[in-house]
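To start, the structure under review is shown below, and the notes come after it.
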There are 2 protein chains.
Amino acid sequence: MAAINTRTSPKKESTIVDAGHSFTEENYLKTILKLSEQSEDAVSTNAIAFRLGTKAATVTDMIRKLSQKKLIHYKKYQGVRLTARGTKVAWAIVRRHRLWEVFLTEKLHFKWDEIHNIAEELEHINSEELVKRLDKFLGFPKFDPHGDPIPDSKGRLSRISRTTIKEMQIKQTAIMTGVIDHTSPFLRHLEMLKLTPGKEIKLLRMLDFDGSCIISINRGEETYISSLVASNILVSIRNEKV
Amino acid sequence: MAAINTRTSPKKESTIVDAGHSFTEENYLKTILKLSEQSEDAVSTNAIAFRLGTKAATVTDMIRKLSQKKLIHYKKYQGVRLTARGTKVAWAIVRRHRLWEVFLTEKLHFKWDEIHNIAEELEHINSEELVKRLDKFLGFPKFDPHGDPIPDSKGRLSRISRTTIKEMQIKQTAIMTGVIDHTSPFLRHLEMLKLTPGKEIKLLRMLDFDGSCIISINRGEETYISSLVASNILVSIRNEKV
DNA sequence: ACTTAAATTTCGACTTGTCTAAACATTTTA
DNA sequence: TAAAATGTTTAGACAAGTCGAAATTTAAGT
């Protein structure tokens, strides 16, 4: 998978503070942010390489560059952490990504599992104004179609308590707020079950021998889901809006 | 103006026939198409270089590449012409550009003169499906906000007869359908005059000594425009919808 | 602690797109 | 039509991002 396309630049123009990172740099930042969220430790070269489908050698080079730009902290062999600035830039990218995902599903009616790749390209479009207007056009959504929170323009997140169906009590009701597994097969499976963020879920029974669950969606008829599925669906017991 | 950003590829996936040209290649094709429309002759290296803000040497290299890919006809020192395939690809890019321009003005309420640069980035997003759905979402528009026709998915154009205000008869009425000059200062000037595609224009008088015109817009009060302005506004005498 | 295993970095090297300077073609024009 | 001007191509070089192989560092195991 070699790099083939080249853009004509981070334009001269525009944003007050932190624009003008290359497509590739942005992808590294985003990846480091994701990886940082999954554990407290510094992010390893290999982990980044794996996520990006590149090689460790390549990552080392880019890491040095990002470090020079003060977007990450880096000591040889010690892995990396985002700086405050790096964090801000990374969240801005995530914000764009999730806003575009909302656009793709709500306005263009793409299915849940088709939007990620397109949003992956759209997120790099480089215009503060565009994002601001898109946000407004979409009605300032707080969560993306997968239930992940959309940071506001300052990078602040709406945090809601989220547990999985596995943690629910029998007869308890909750609102689905997202998924843990974001892969296409899983999303398609949920699509089929009509199990999407915002739906009301009541846990009717949990079977002892394999942990599978019987639930009712939006007060509808009984639906059977495996233990694995149940443990990958995030819900909020309280009444936060999705 | 050096190349800084690199995309991660024309993905493996998707479109039946002609996808997977680099950002840069697409820009060359689009430029060659534009230049081709302005005259019958083959397009010169220098003309391309000027439009793209690069140097002739650079253009020669890219031209060889495009020629190898059979997107253009090329004989040394003779300039280039698009092949049938190249033409198709180029129109597809123009289509995407103009659809995004409609989106930016109609949905995000960008002003006339702000949209070009953003559309310039959006046009390279690489998904047939996205364009198809965007087109539908926008109601299958036939013209962009500047009045330029949007080719359909087969590359067919809505052609309407277009002349300038200078060609109109006194007391004749016409619909504004577009502009010749697409530069920001001119567009802002028209914005100020409330002179945009779709408006009804009646030519009241044309002054002999400098060719300036007095018109009425949408049956409103008299507006004075210079000869230069008049000659850059396209109108359709017949009743085609814009 | 010492040796092996695993992860990381360095070292060329390649590709895309770019540039400058020099060589070469085509036009113009005198 | 030959000389000058203009336009185009070649050649060599460079930045960005990538890779494989070799060297280096850290971590693990006994």
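Each chain gets a letter, A, B and so on, in the order its sequence line appears, and its residues count up from 1.
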Taking [atom1] from [X] and [atom2] from [N], how many angstroms apart are they, rounded to a whole number?
X	N	atom1	atom2	value
Gln78(B)	dA25(C)	CD	P	12 Å
Asn27(A)	dA16(D)	CG	C1'	14 Å
Gln68(B)	dT15(C)	CD	P	13 Å
Tyr28(A)	dG17(D)	OH	P	9 Å
Ile48(A)	dG17(D)	CD1	P	15 Å
Met62(A)	dA15(D)	CE	C1'	12 Å
Ile63(A)	dA16(D)	CD1	P	17 Å
Asp61(A)	dA15(D)	CG	P	14 Å

Do we get Lys107(B) above Phe103(A)'s six-membered ring, with its NZ or CZ under 6.0 Å from the centre and within 45° of the axis? no
Are Arg64(B) and Tyr74(B) in a cation-pi setup, meaning NZ or CZ lies under 6.0 angstrom from the ring centre and within 45 degrees of the ring axis? no
Reckon [X] has a side-chain N or O less than 4.0 Å from the OP1 or OP2 of [N]?
X	N	value
Thr24(B)	dT16(C)	no
Arg64(B)	dT10(D)	yes
Thr45(A)	dT9(C)	yes
Tyr74(A)	dT8(C)	no
Tyr77(A)	dA23(D)	no
Asn46(A)	dT8(C)	yes

Considering only side-chain heavy atoms of Thr54(A), which listed nucleotide, dC19(D), dT10(C), dT26(D), is closest? dC19(D)
Which of these nucleotides, dT8(D), dG17(D), dT10(C), is closest to any side-chain atom of Lys76(A)? dT10(C)
Basic-acidic side-chain contact under 4.0 Å: Glu123(B), Arg98(B): no
Charged N-O contact under 4.0 Å between Asp152(A) and Lys142(A): no
Can you pull every protein N or O that's under 3.5 Å from an N or O on nucleotides 20-22 of chain C?
unit_1, atom_1, unit_2, atom_2, d
dT20(C), OP2, Lys55(B), NZ, 3.1

Within a reach of under 6.0 Å around CD of Glu40(A), are more than 12 heavy atoms found that belong to other residues, nucleotides or ligands? no
Would you confirm whether the ring centroid of His116(A) sits within less than 6.0 angstrom of the ring centroid of His146(A)? no
Would you check if there is a donor-acceptor pair between the side chains of Ser227(A) and Lys166(A) at a distance under 3.5 Å? yes
